[in-house]
Amino acid sequence: MAFDIDVLRVKKGDNVDLSSVDTRGTPEWDGDDKDEGKAALPALNERLETLQELLYAQGTERLLVVIQAMDAGGKDGTVRHVFEGVNPTGVRVASFKRPTEAELAHDYLWRVHSQVPGDGEITIFNRSHYEDVLVVRVAELVPEDRWERRFDHIVNFEEMLVDEGTTIIKIFLHISKDEQKERLQERLDRPEKNWKFEEGDLGPRAQWDEYQKAFEDVLERTSTDDAPWYIVPADRKWYRNIAVSEIVIQTLERLDMSFPPPEEGLDKIVIPD
Ligand code: AMP
Ligand code: MG
């Protein structure tokens with residue numbers, strides 16, 4: 001049975017209520033259990049590897065994958081598992097941290113625009129310009145009249161990228177507050193995960209509801225036909241990996257790519273001894 005990614009897509013005009021989306025849900029997955037879910041990933045990795053090679057070889061399409069989530073939402077793990085096996089030459093991850101002084105001395109899209117994919121490339125945004133209407137809004141880093149206008153800037157910016165030849169998909173990994181607690185606790189308990197623990201992450205956790213509201217506004221106001229958001233239930237990592245793989249793969253398949261035509265007369269060429 002085909003996995004219909006449209007079920008996860010936020011349509012224009014949708015009213016998004018994240019509390020009604022089950023973070024442990026497994027929409028469109030009709031396998032039995034976790035083991036079967038995990039076993040399905042390698043075949044998806046292979047399909048993505050083939051499509052990425054085609055994208056790179058054809059050298060005319062560009063794919064931007066934006067990933068957003070609460071802390072411990074699984075952004076890093078998703079990148080690692082979904083893109084396992086792709087050729088690193090054509091795939092890049094851009095991670096957006098707290099802006100540097102130089103970045104703060106420019107408009108908020110400046111650092112973002114310079115990282116978008118070029119011809120034949122896939123770029124994954126681990127966090128993105130959406131932080132500028134999420135953390136910036138909830139932590140009140142700029143006044144409301146400034147972040148409020150950013151929704152329109154962002155829709156227009158992405159429309160420009162799409163018009164000029166970039167394909168955009170945006171993924172919100174939706175975890176529950178309980179699941180976040182477990183994952184943060186694991187970062188405290190397991191020495192090899194200690195490096196990921198930041199006490200600062202407890203601030204956003206305390207403002208969970210404000211963040212969920214900010215995410216709902218993002219999903220409602222910036223999901224367009226050309227640059228759609230997908231809400232991926234992400235408490236179950238195996239499901240998250242399958243769903244994100246399907247979204248990326250099916251988006252690439254729709255590009256209907258082909259290898260560039262070979263140089264003339266290849267059949268007559270003899271490789272000298
Ligand atoms: P991590 O993804 O765990 O490396 O954390 C990156 C941190 O940078 C998070 O706390 C984000 O909220 C923060 N961050 C990313 N972009 C911005 C931004 N535009 N303004 C303020 N903080 C940001
Ligand atoms: Mg972090």
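Computed from a predicted structure; not experimentally measured. Note that ligands are numbered from 1 as they come in the structure, with each ligand's atoms numbered from 1 the same way.
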Checking the side chain of Q180 only, and the main-chain atoms of D71 only, is there a donor and an acceptor separated by less than 3.5 Å?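 Checked: pair present.
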Are Y130 and W229 an aromatic pair, judged by ring center distance below 6.0 Å?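 Centroid separation for W229 and Y130: below 6.0 Å.
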Under 6.0 Å between the ring centres of H129 and F96?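 Ring centroids of H129 and F96 are no less than 6.0 Å from each other.
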Please write down residue, atom name and distance for the protein heavy atom closest to atom 2 (O) of ligand 1.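 Going by distance alone, atom 2 (O) of ligand 1 is nearest to R127 NE, 2.6 Å.
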Protein heavy-atom partner closest to atom 4 (O) of ligand 1 - residue, atom, separation in Å: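 Residue, atom and distance for the closest contact: K97 NZ, 2.5 Å.
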Out of H129, R137, E131, R98, whose heavy atom sits nearest atom 12 (O) of ligand 1?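 Considering heavy atoms of H129, R137, E131, R98, the nearest to atom 12 (O) of ligand 1 sits in E131.
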Name the option, out of S128, P99, G73, that contains the heavy atom nearest to atom 18 (C) of ligand 1.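 The nearest heavy atom belongs to P99.
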Where's the contact between M70 and ligand 1, heavy-atom distance under 4.0 Å: side chain, backbone, both or neither?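 The answer is neither; M70 stays 4.0 Å or more away.
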For ligand 1, the portion of K75 having any non-hydrogen atom under 4.0 Å away: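 It is neither; nothing of K75 touches ligand 1.
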With a cut-off of 4.0 Å, which atoms of ligand 1 are near a heavy atom of [X]?
| X | value |
| --- | --- |
| E198 | 3 (O) |
| V136 | 20 (N) |
| R111 | 16 (N), 17 (C), 18 (C), 19 (N) |

Mind checking what makes ring pair (Phe, Tyr, Trp, His ring centres under 6.0 Å) contact with W238, not counting sequence neighbours?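 With neighbours one apart ignored, the set is W29.
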State whether the shortest distance between N or O atoms of D132 and N or O atoms of ligand 1 falls below 3.5 angstrom.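 So ligand 1 has an N or O lying under 3.5 Å from an N or O of D132.
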Quick check: does D71 get an N/O under 3.5 Å from an N/O on ligand 1?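 Min N/O separation from ligand 1 is not below 3.5 Å for D71.
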Would one find more than 12 heavy atoms of other residues, nucleotides or ligands at under 6.0 Å from atom CD of E140?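 No, because the 6.0 Å sphere around CD of E140 holds 12 heavy atoms or fewer from other groups.
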NZ/NE/NH1/NH2 to OD/OE distance under 4.0 Å, R80 and D76: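 Judged by the 4.0 Å cut-off on N to carboxylate O distance, R80 and D76 do not form a salt bridge.
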Could you measure the distance from the CD atom of E159 to the CD atom of E164? Nearest 0.5 Å is fine.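 One gets 11.0 Å once the value is rounded to the nearest 0.5 Å.
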Residues in side-chain contact (heavy atoms from CB on, under 4.5 Å) with T167, at least two apart?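 Testing T167 for side-chain contact (heavy atoms from CB on, under 4.5 Å), a comparison that skips the adjacent residues, returns E61, L63, T251, L255.
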